[in-house]
Amino acid sequence: MLPAAAAVSSQHQTDYAVIKGRTLAFDELVDESFFAPEKVSELAEAFRNNQPFPHLVFENLFSPALLELIYDEFDDLNSKDWRRLNTVNEVKRGSRPNTRFGHATELYFSIIHSSKFVNFIQKVSGIEGLIPDVTLNNAGMHDIPTGGKFGVHIDFNKHWVTMLDNRLVFITYLNKDWLPEYGGTLELWRAEPRQCEVKVVPAFGRSVLFAHTDRSFHGHPDPVNAPDGRSRRSLAAYFYSNGGLAAGRTTYHTTIFATPGPLTPAQKVAAAIKYVTPPAAIDAWRKLKSLIKR
């Protein structure tokens, strides 16, 4: 289904969308050269061999015009659409599951959840039977303010409803003219010895795909400190299958940090509760607390 604001035309055999006055040709939303068989084979080999764990970094996979529109749509979300975290390991905000995004953002997620794109990352990763999560639980829009960070960690191992195994993470960055000294650089860490091996500056138009395993330590622990109070913005999506490293395990775990900061007794209790509580229940409790405070 096309965004409601999209205009479609068959003139000159070209279909396009018009969003906020900008024309986006559908044939130019994604760089089709990445889908050529020889390119897919090249990417698959690189994915398998890249260290410290399988991953790829794409440059300019998506239309810059589309990404610019998405960047602006961050400001259109209501405060209730954001879930805020402020702990020793995480200072950030992320969109809630089933958030209604702007038309450009919806178009982006329609692309990466499409059969064509899922088939592409299946071939690149060698993982068959991938299933996207269209609710974007723990995914969607991520916005890291000045001073924000996300400590080095491994992600949750299963989808908390379907219990399918978390297999792949796909991220696209939206930050123009972003320099390493602005912080927020994605770090990919080796599990043993525990150290950073790859750094990815979250520059505009750069996308990252990496495998989720119990050794896929990653994060951006260097706090954001960009000029003019700019935040670090990105889009994230997870892909699942029945039969990953967590196959046969029935226990769901949330984010596990590599080097957690010191916790107070109250924080230890909160962490234990979070470990066994579904994300939806946590969201409901936070919302109830906010209503009580009013």
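- The closest side-chain heavy-atom distance from R206 to V57 is below 4.5 Å.
- Inter-residue side-chain proximity for V224 and S231 is flagged as unmet; no heavy-atom pair is nearer than 4.5 Å.
- Here the side chain of H212 pairs a donor or acceptor atom with the backbone of D155 at under 3.5 angstrom.
- Atom CG in N138 sits 8.5 Å away from atom NE2 in H159 (nearest 0.5 Å).
- Taking every heavy atom of both residues into account, V208 and F210 meet most closely at CG1-CD2, 3.8 Å.
- Remark: aromatic rings of Y238 and F156 are close, center separation under 6.0 Å.
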Please walk me through it: do L188 and N50 pass side chain to side chain contact (heavy atoms under 4.5 Å, CB included)?
-> CA-CA 11 Å; L188 307 183; N50 281 344; over 6 Å; no

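- Both L29 and I121 sit in one connected hydrophobic cluster of ILVMFWY residues. Membership requires side-chain heavy atoms under 4.5 Å apart, directly or through other members.
- Counting only distance, with no hydrogens or angles, the side chain of N137 and the backbone of P97 share no donor-acceptor pair below 3.5 Å.
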ring-ring contact (aromatic ring centres under 6.0 Å, His included) between F170 and F239: does it pass, once the steps are laid out?
-> CA-CA 8 Å; F170 187 79; F239 295 84; 7.2 Å; no

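- Dense packing is recorded around CD of E32, with more than 12 heavy atoms of other residues, nucleotides or ligands lying under 6.0 Å away.
- Panel note: side chain K92, backbone R83; no donor-acceptor pair is recorded below 3.5 Å.
- Taking the six-membered ring for Trp and thresholds of 30 and 60 degrees, H153 and H218 have ring planes inclined between 30 and 60 degrees apart.
- A distance of 9.0 Å separates CD1 of I144 from CD of E90, quoted to the nearest 0.5 Å.
- To the nearest 0.5 Å, the span separating CD on E38 from CG on L43 amounts to 10.5 Å.
- Each of V91 and V152 belongs to its own hydrophobic cluster when Ile, Leu, Val, Met, Phe, Trp and Tyr are linked at side-chain heavy-atom distances under 4.5 angstrom.
- Here the straight-line distance linking atom OG1 of T146 with atom CZ of R232 works out to 13.0 Å at 0.5 Å rounding.
- A donor-acceptor pair is defined here as one N or O able to donate and one able to accept, closer than 3.5 Å; such a pair exists between the side chain of R96 and the backbone of K80.
- The shortest distance between side-chain heavy atoms of Y173 and V201 does not fall below 4.5 Å.
- The closest donor-acceptor contact from the side chain of D165 to the backbone of R167 lies at 3.5 Å or more, if one exists at all.
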Under the side chain to side chain contact (heavy atoms under 4.5 Å, CB included) rule, what do F62 and I112 come out as? Steps first, then yes or no, please.
-> CA-CA 10 Å; F62 300 100; I112 67 168; 3.7 Å; yes

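- Side-chain atoms of W178 come within 3.5 Å of backbone atoms of G183 as a donor-acceptor pair (strictly under, hydrogens ignored).
- A salt bridge does not link D72 to R22: none of the charged side-chain nitrogens sits closer than 4.0 Å to a carboxylate oxygen.
- Around atom CD of E197, more than 12 heavy atoms belonging to other residues, nucleotides or ligands sit under 6.0 Å away.
- Side-chain contact between T255 and N89 is absent, with no heavy atoms from C-beta onward closer than 4.5 Å.
- M141 contributes atom CE, which lies 9.5 Å from atom CZ of R93 (distance to the nearest 0.5 angstrom).
- Panel note: side chain E73, backbone H103; a donor-acceptor pair is recorded below 3.5 Å.
- Under a 3.5 Å cut-off, the side chain of T172 and the backbone N or O of L235 do not form any donor-acceptor pair.
- Residue S216 comes nearest to A211 through the heavy atom pair OG-O, 2.8 Å, listed as atom of the first residue, atom of the second, then distance.
- Under the 3.5 Å distance criterion, the side-chain polar atoms of Q122 are matched with a main-chain donor or acceptor of L130.
- Classification of R233 and D143 as a salt-bridged pair holds, one side-chain N sitting under 4.0 Å from a carboxylate O.
- Relative orientation of the F58 and F120 rings is tilted, given thresholds of 30° and 60° on the angle between their planes.
- By the 4.5 Å heavy-atom criterion applied to side chains, N157 and N166 are not counted as neighbours.
- Within the 4.5 Å cutoff, side-chain heavy atoms of L69 are placed close to those of L24.
- The nearest pair of heavy atoms linking F26 to Y16 is CD1-N, 3.9 Å.
- Cation-pi contact between K176 and F204: present, with separation from the ring centre below 6.0 Å and deviation from the ring axis of at most 45°.
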What do the steps show when you test D177 against R230 for salt bridge (Lys or Arg N to Asp or Glu O under 4.0 Å), and what is the final call?
-> CA-CA 11 Å; D177 305 317; R230 273 194 292 153; over 6 Å; no

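- Between L67 and the choices N175, L174, N60, the side chain to side chain contact (heavy atoms under 4.5 Å, CB included) rule is met once, by L174.
- Linking Ile, Leu, Val, Met, Phe, Trp and Tyr whenever their side-chain heavy atoms come within less than 4.5 Å puts V161 and M163 in one cluster.
- Of all the heavy atoms in P202 and T185, the pair that sits closest is CD-CA, 3.9 Å.
- Pairing each heavy atom of T14 with each of A25, the nearest pair is CG2-CB, 4.4 Å.
- F34 places a side-chain heavy atom less than 4.5 Å from the side chain of K39.
- Side-chain atoms of F150 and F257, non-hydrogen and from C-beta on, do get closer than 4.5 Å to each other.
- Both L209 and F109 are assigned to one and the same hydrophobic cluster, defined by single-linkage of ILVMFWY side chains at heavy-atom distances under 4.5 Å.
- The two atoms that bring A236 and A139 nearest to each other are O-CB, 3.1 Å, heavy atoms only.
- Separating the CG atom in L136 from the CZ atom in F101 is a distance of 5.5 Å, to the nearest 0.5 Å.
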